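One structure is given here, and the rest of the page talks about it.
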Amino acid sequence: MTLDYLNGLNPVQYAAVTTIEGPVMVIAGPGSGKTRVLTFRIAYLIDSKIPPYKILALTFTNKAAKEMKERISSVVGEKGNQVWAGTFHSIFARILRIESEKIGFPSNFTIYDSDDTKNLINSLIKESGLDTNVYNANSVKNRISQAKSNLITPKAYADNPDIQAKDRMNAMPQTGMLYAKYVARCQRAGAMDFDDLLYQTFRLFHQNPDNVLEKYQQKFSHVLVDEFQDTNFLQYAIIKKLCMYEGSPRNICIVGDDAQSIYAFRGATIENILDFERDFNGLQTFKLEQNYRSTPHIVQAANDVITYNKRQIKKEIWTEKPKGEPIRLIKAITDSEEGKRIADSILELKHRYHLSNSEIAILYRTNAQSRIFEEFLRKYNLSYRVFGGLSFYQRKEVKDLLAYLRLTANKRDDEALRRIINYPRRGVGNTSLEKITTWANAYDISLWEATLVFAANSKGKGGLEAFVTMINSFSAKMQTLNVFDLAVYIANKTGIVQDLKGDNTQDGLNRLENIQALLDSIKEFSENDELIDEATMPDKSLQSYLQNIALISDMDQTDKNPDYITLMSVHAAKGLEFRAVFVVGLEENLFPSFQSSETIENIDEERRLFYVAITRAQEFLSLSFAKSRYRYGQIRYNEPSRFLQEIDAQRLDMPAVEAIPNFMGQQRSGVSGLLNKKPIIVAPSFKNTEILNFKASPSSQIMQGMNVLHLRFGKGTVVNIDGNNDSKVATIKFDATGDEEKRIMLKFAKLQILES
DNA sequence: GGGGGCTATGGGGGG
DNA sequence: CATAGCCCCC
C-alpha cells in the first residue's frame, strides 16, 4: 500500500500515527500538528484493514469533529464517512436514540437546552414554595450539573454529608430535593438535558440491559479522544466502560495538552491524565513539541509564561521558523482608545503585509468586550464577525417555531408546550396554564395529557381545543411530509408568520428574516444527502433534525462571505490559528479575571488561557491593555496584567518596564466613585389644558366613532371595538401618535367622551 | 393586552 | 451601563 501521507511526518508524529495497538497518549503542544496526527492515525487504521465503522473518535466541539471528518475523507475517500467521529454529546445522543427505551426513555426523547433546564428549575423552585431570591436557578442548575458529572444520583446527593453541608452553607438546603424533582420531571417529559446525554449513557452501560455494553465494546475496536485534558470524570468513566474490561485490546489513544486545559471551572480535571497512566499500564507516550505555527518570539513567549505554572507535564515547544517580528505591546488610556489603536494597527498590518481580514483575530477574555472593537471596525469599514453571544437558535422566534416542531415530535415535551400553548395568542392565560400544571403534577402526567383533559371539558372558549387539534394534525402530517414542508406548514398554520408580519418595526422584520433563515436551514437539512452520517445524523426524520439542532452552536455556522476579521473569546479560539492575533484587555481583574485572583489554581488556569491566546498567532502578535475601563457602569482603573511581565522583555517591541511603570503604583484598582446616576427627569408626555378638566366616562358608554380624550395620548377617535364584556378592546387612533393605532382594553382605560 | 418602570444581575461557555 | 424579568397600572 502507498501511504504517501506518512512521508511528511516528523519522527514523533510518525510514531504516534503508526503505533496502533495498545494504549497511547499523545501530548501535543500548540501548533504541533495534532489534528494531522489524529486524522492520519485514523487513515492509517483504515489502511491497516480496520473497518472504519469500528473506529470511534470523540471531540469536544462540532468544529473539531467536522474538520476531522473532512480531513479523513480527503485521505481515505468515501469510507471515511463511516468512522464514528463526533462530539461526545452527539455520539452518545445517537447511541441513546437507539437504546434509550432500555433505560426508560422514549426513542424520540427531547434534548433540553440550557434555557429549558433553567426554566424547568425555576418552575420547580416556585412550585416547591421556595424563595426565588435565595434559590437561584443558575446555581441550582450548576449543582445538578456537577452532581451528574460526578455520577452522584439524587439519592447519593441526599445522603452525602459534605454535599448537604455545602448546600446548607449556601442557604440552599433544598437543592437535593430540587435535583430529585428535576430528574423525575425530565423523565416524565421524555427529555434529557446535555449532561444526561453522558449521564444516561453511563447508566445504560452500567446497568447493561440486554448486554448492551458488550455490543458497543465489540463495535468499537479503536477509540480516540481529542482534547483529553478537557474531559470530566463522567466522560472518562464512559470511556473506561468502553475500553477497560476483561480481554479488551485496549486500543485507546488520547490526545491532549495539560498546558491548554481551560475548562477546569466546569469539571474538567487534569487528574484524568494522571489516572489514565495508572489505569492503562503499558501506556506509550509521545510528546509533540515542535511547533509549526508560530515565530520564535511567540513560541518563546508561550514558554516563558507557562513556566510560572507549577504543576504540569514537562514540555518545551520549539520552532524552526525564521525570527519574524517582535511582539507588540499596545497601551491605551481608556478602553475606547484601545479599540481605536487596535483598529489602527489592523489597517497598518493590512497595508504593510497585505493581510486579508480572515487572517486577523481579536481575542478577549469576556464577550462583553467586543462592543468597542465592533464600533471602530465599523467606522473603518472593515468587515468582521463576532462569535459567541446570543446564538441564532436562542432567539425567541426561532425557539418558538422549534418548540412546535419539538412538541409535534414528542408530545410529552413540557417545556416546548409551556412556550407555545398561548403563542400566538389563543386565549389560554396564566390561570389556565396553572390549572393544567397543577393537574399534571397531581396525576403525574405530562402537561400535554393534562391539556387533553381540560380541552375536552372546556366550555365555550375553545382555545385549548383548537391547540390540541392543531398539534394532532401536525403529528399526522409528520407521517407524510418531509421536515421542510412540515416546518413551512407549521409556520403558517400556527399563525407565527402572520403574527410577525403584523409587526412593522425593524425588530419585527428581523424576526421574520430569522424565521426565513431557519426554514432555509431546514430545507438544507432535508435536501442535502451528503449530510447523512450513521454516527451523528442517520436519517432525515424530524427527530434527527431536532437532535442535530440541539447539539449545534453558533460557532459552527459558516458564513457566505468568509473574509471577515474574527472577534471571539479566548475560550472559543482554542484550536484556531491566525496570521495576526490581538489579545486585548490585558489587565489585572480582567485577564486574569478578578474572580480568579483568590487561589493559585485559578490563576494557573487563567495563565493557561493566556497561553492558549498567544499561541493562536502565526506571525504577528499584539498585546494590549487600557488604564481605565467602563465596567458595570463605572470607570475602573486596573494595573496591567501580571502575564505581560512574565514574558521576557527581549520578545517585545518595547521593553515592558518602559510601557508599564507609568501605570504602576499611581493608580489603585477600584471604582472612580465620581460617576453618579443620571438624574431622572420626569416630563409630562402630554400637555393640554383639557386635562385639567378630565373626567373619565363609564367604559360601557364608549362606542365606535366617538371622539375621546386619554390622559397620556390625548385626543383620538375610536376606530373599532371588539370582544365582549370584560375583554372589550377599543382600537383608537390618536392625533398625537399619527397613523399608529392603539389597542386599549376598556376595562382599564380611562377615557373621556368628547363632544364631536 | 401591553407598555412602562423598577429591580436584580452581571465569568469564562461546549453540547 | 445594558439587559431581562417582573409587577403594576391604565
Side-chain angles (χ1 to χ4, degrees), chain A residues 58-65 86-93 111-114 117-119 122 132-133 136-138 142 145 192-198 227 230-232 235 262-268 364-369 371 387-391 393 396 422 425 427 429 536 547-556 568-575 589-596 602 605-606 608-609 612-613 629-636 675 677-678 680 682 685 696 699 710-713 722-723 726-731 742-751:
Chain A
L58 297 167
T59 67
F60 268 82
T61 62
N62 288 305
K63 200 167 57 189
T87 62
F88 278 89
H89 292 84
S90 67
I91 294 286
F92 296 137
I111 298 173
Y112 274 176
D113 67 17
S114 314
T117 298
K118 212 176 129 183
N119 291 339
N122 250 328
T132 47
N133 291 316
N136 168 288
N138 268 325
N142 285 339
S145 175
M192 298 200 199
D193 66 19
F194 288 134
D195 293 316
D196 280 328
L197 295 178
L198 307 175
E227 307 277 15
D230 289 334
T231 53
N232 61 27
Q235 284 162 323
I262 56 176
Y263 286 110
F265 73 92
R266 84 188 171 202
Y364 34 74
R365 180 64 180 79
T366 68
N367 282 314
Q369 287 165 258
R371 211 201 76 244
F387 290 80
L390 195 66
S391 104
Y393 294 103
K396 181 192 176 300
N422 196 32
R425 242 169 235 117
T536 52
Q547 173 176 323
N548 192 250
I549 244 34
L551 299 177
I552 212 167
S553 81
D554 195 37
M555 298 289 169
D556 311 313
M568 56 170 56
S569 67
V570 180
H571 281 94
K574 181 144 86 145
N589 297 326
L590 181 59
F591 199 172
S593 141
F594 81 104
Q595 304 226 0
S596 68
N602 285 341
E605 174 144 321
E606 294 287 310
R608 291 192 295 268
L609 191 58
V612 168
R629 179 178 297 280
Y630 262 103
R631 276 191 98 190
Y632 307 130
Q634 287 169 312
I635 298 178
R636 284 159 184 269
L675 227 75
K677 282 188 174 172
K678 262 191 254 169
I680 299 162
V682 185
S685 55
S699 60
H710 184 273
L711 268 180
R712 182 135 36 96
F713 301 123
D722 52 280
D726 266 5
S727 53
K728 267 192 190 172
V729 177
T731 307
K742 297 273 174 197
R743 285 174 62 75
I744 295 179
M745 230 166 164
L746 283 181
K747 186 164 66 150
F748 302 120
K750 290 217 166 21
L751 293 166

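No experiment lies behind these values; they were computed from the predicted model shown. Proteins come first, then strands; the chains are lettered A, B, ... in the order of their sequence lines, and each starts at number 1.
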Contact nearer the 5' end of DNA chain B, comparing Asn142(A) with Asn136(A): Asn136(A)
Side-chain contact, heavy-atom cut-off 4.5 Å: Thr87(A) with Leu58(A)? no
Which whole-number value in Å describes the distance from Asn367(A) CG to dT9(B) P? 21 Å
Using a cut-off of 4.0 Å on non-hydrogen atoms, how would the nucleic acid contact of Phe194(A) be classed: base, sugar-phosphate, or nothing? base
Under 4.0 Å between a side-chain N or O of Asn62(A) and OP1 or OP2 of dG14(B)? no
Atom pair distance, as rounded to whole Å: NZ in Lys396(A) and P in dA4(C): 13 Å
Nearest-angstrom distance from the residue atom NZ of Lys574(A) to C1' of dG14(B): 11 Å
Hey, are the side chains of Ile635(A) and Tyr630(A) touching, using non-hydrogen atoms and a 4.5 Å cut-off? yes
Please list, chain by chain and in numerical order, all residues satisfying ring-ring contact (aromatic ring centres under 6.0 Å, His included) with Tyr364(A), sequence neighbours excluded. none
Residue Arg365(A), side-chain heavy atoms: nucleotide from dG12(B), dG15(B), dG1(B) that is nearest: dG12(B)
Take the protein atom NZ of Lys118(A) and the nucleotide atom P of dA4(C), then report the distance between them rounded to whole Å. 11 Å
Output the rounded distance in Å from CD (Glu227(A)) to P (dG15(B)). 12 Å
Nearest-Å distance, CG (Asn138(A)) to P (dG5(C))? 11 Å
Nearest to the side chain of Arg425(A) - dG15(B), dG2(B), dG13(B)? dG2(B)
Contact check, side chains of Arg365(A) and Val570(A), non-hydrogen atoms, under 4.5 Å: no
Could you please name the option among dG15(B), dG14(B), dG12(B) that lies closest to any side-chain atom of Ser569(A)? dG12(B)
How long is the line joining CG of Asp196(A) and P of dG15(B), in whole Å? 18 Å
With heavy-atom distances below 4.5 Å as the criterion, would you say the side chains of Arg631(A) and Leu590(A) are in contact? yes
Base-pairing string, 5' to 3', of DNA chain B - Watson-Crick or wobble, under 3.5 Å, | interstrand: ||||||||||.....
Within the structure provided, determine whether Phe88(A) and Thr231(A) are in side-chain contact (heavy-atom separation under 4.5 Å). yes
Sub-4.5 Å side-chain heavy-atom contact between Phe60(A) and Gln235(A): yes
Side-chain atoms of Thr366(A) come closest, of dG12(B), dG1(B), dG13(B), to dG12(B)
Pair of N/O donor and acceptor under 3.5 Å linking dG13(B) base with Ser114(A) side chain: no
Interatomic distance where OH belongs to Tyr393(A) and C1' belongs to dG14(B) [whole Å]: 16 Å
